[in-house]
2 protein chains.
Amino acid sequence: MKRNEHHFLKPETVENTARIFKALADPSRIKILYLLSQETCSVNHIAEMLGMTQSAVSHQLSLLRNLKLVKYNRDGNTYYYTYNDDHVITILNQVIEHVACE
Amino acid sequence: MKRNEHHFLKPETVENTARIFKALADPSRIKILYLLSQETCSVNHIAEMLGMTQSAVSHQLSLLRNLKLVKYNRDGNTYYYTYNDDHVITILNQVIEHVACE
DNA sequence: ACTATATATGAACATATGTTCATATATAGA
DNA sequence: TCTATATATGAACATATGTTCATATATAGT
């Protein structure tokens, strides 16, 4: 095939695609999102469940928040986080199943 | 939910999942895989199409090869690379569509 | 107002990652 | 055997990334 016979992705599309995969490319974030796929959780609850420090969890939630992959509802001092992108959760589960059955 | 009411992923599953997403978390590799999803390509062809050096392409193919996401057939001096994991290609296309329609 | 609690955030640090450059390897052709 | 071609690979480098530590912010209870 020659150059103009290929379909090329727009640079913007490539960057945005990489951004999504980068968000999922870390064990801590995978565990956080998998947990949130089962239940809305406070920051401390996530930290306890996953054996992470509060700070580490908060930094990762900040990243996921910026990508709009999670959102939160505040109740007093407590922030309850929820996933915010069904499609990304679906893709996460697909890959988990993909690697689990091999 | 309490600890034992959650489903937890095995550490191995988390690691393998992260490995797949890491492979897809780079613009160069996204472009390479997207190109290979359309056509079997030699290393030089990939480099020319994507405006990358031969060395950079080769390093990335080496990484994708180790993860068994691509394979190659050799013909003399030329290595023809093909994708080797339909499921991963499907997931790549899903995310591309996901980010394209927003 | 004071204290405790929950979370966010910035700086610093170590590690991982992607590219480049130089070079090695291997095959084909003369 | 000499040369050209195609690819792989190691070292070096700059940048990105994830955690920790210290601290800031904000709310609730007394």
Side-chain angles (χ1 to χ4, degrees), chain A residues 11 14-36 39-84, chain B residues 11 14-36 39-84:
Chain A
V14 175
E15 283 304 324
N16 290 336
T17 302
R19 233 184 295 279
I20 297 293
F21 283 127
K22 274 183 192 172
L24 297 168
D26 173 72
S28 295
R29 289 192 295 273
I30 289 173
K31 287 187 277 185
I32 290 172
L33 284 174
Y34 188 71
L35 187 56
L36 293 182
E39 183 194 25
T40 292
C41 296
S42 71
V43 178
N44 270 342
H45 187 68
I46 297 172
E48 283 166 25
M49 286 296 134
L50 302 184
M52 294 174 65
T53 66
Q54 175 267 320
S55 181
V57 172
S58 188
H59 277 297
Q60 297 297 5
L61 287 172
S62 158
L63 188 153
L64 295 171
R65 227 167 41 215
N66 289 336
L67 291 169
K68 304 207 191 306
L69 301 187
V70 302
K71 63 185 175 186
Y72 65 86
N73 283 302
R74 184 174 187 164
D75 179 17
N77 270 339
T78 307
Y79 291 55
Y80 291 103
Y81 276 85
T82 318
Y83 66 87
N84 192 35
Chain B
V14 175
E15 284 304 324
N16 289 337
T17 302
R19 234 185 295 279
I20 297 294
F21 283 126
K22 273 183 193 173
L24 297 167
D26 174 73
S28 295
R29 289 192 294 273
I30 289 172
K31 287 187 276 186
I32 290 172
L33 284 174
Y34 188 71
L35 186 56
L36 293 182
E39 183 195 26
T40 291
C41 296
S42 71
V43 178
N44 270 341
H45 186 67
I46 298 172
E48 283 166 24
M49 287 296 134
L50 302 183
M52 295 173 65
T53 66
Q54 175 268 319
S55 181
V57 172
S58 188
H59 276 296
Q60 298 296 5
L61 288 173
S62 158
L63 188 153
L64 295 172
R65 227 167 41 215
N66 290 335
L67 291 169
K68 303 204 190 308
L69 301 187
V70 302
K71 63 184 174 187
Y72 65 88
N73 283 300
R74 186 174 186 163
D75 180 16
N77 270 339
T78 307
Y79 292 55
Y80 291 103
Y81 276 84
T82 318
Y83 67 88
N84 192 35

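Letters A, B, ... are given to chains in the order of the sequence lines, protein chains preceding strands, and every chain is numbered from 1. Predicted, not measured: the structure shown is a model, and the values here were computed from it.
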With sequence neighbours left out, the residues meeting side-chain hydrogen bond (donor to acceptor under 3.5 Å, both in side chains) with B/Tyr34 are A/His7
DNA chain C in dot-bracket form (Watson-Crick or G-U pairs under 3.5 Å, [ ] crossing, | inter-strand) is ||||||||||||||||||||||||||||||
Residue set satisfying side-chain hydrogen bond (donor to acceptor under 3.5 Å, both in side chains) with B/Thr82, at least two apart, ordered chain then number -> B/Thr40
Heavy-atom contacts, protein to nucleotides 7-20 of chain D, under 4.0 Å, summarised as B (base), S (sugar-phosphate only) or - (none) per nt, yield BBBB------SSSB
Residues at least two apart in sequence or cross-chain that pass side-chain hydrogen bond (donor to acceptor under 3.5 Å, both in side chains) with A/Tyr79, listed by chain then number, are A/Arg74
For B/Glu39, the side-chain contact (heavy atoms from CB on, under 4.5 Å) test, sequence neighbours excluded, returns A/Met1, A/His6, B/Cys41, B/His45
Residues at least two apart in sequence or cross-chain that pass side-chain hydrogen bond (donor to acceptor under 3.5 Å, both in side chains) with B/Tyr83, listed by chain then number, are none
So the side-chain hydrogen bond (donor to acceptor under 3.5 Å, both in side chains) pairs with at least one residue in residues 58-69 of chain A (sequence neighbours excluded) are A/Arg29-A/Gln60, A/Arg65-A/Tyr81
side-chain contact (heavy atoms from CB on, under 4.5 Å) filter on A/Ala47, not counting sequence neighbours, yields A/Val57
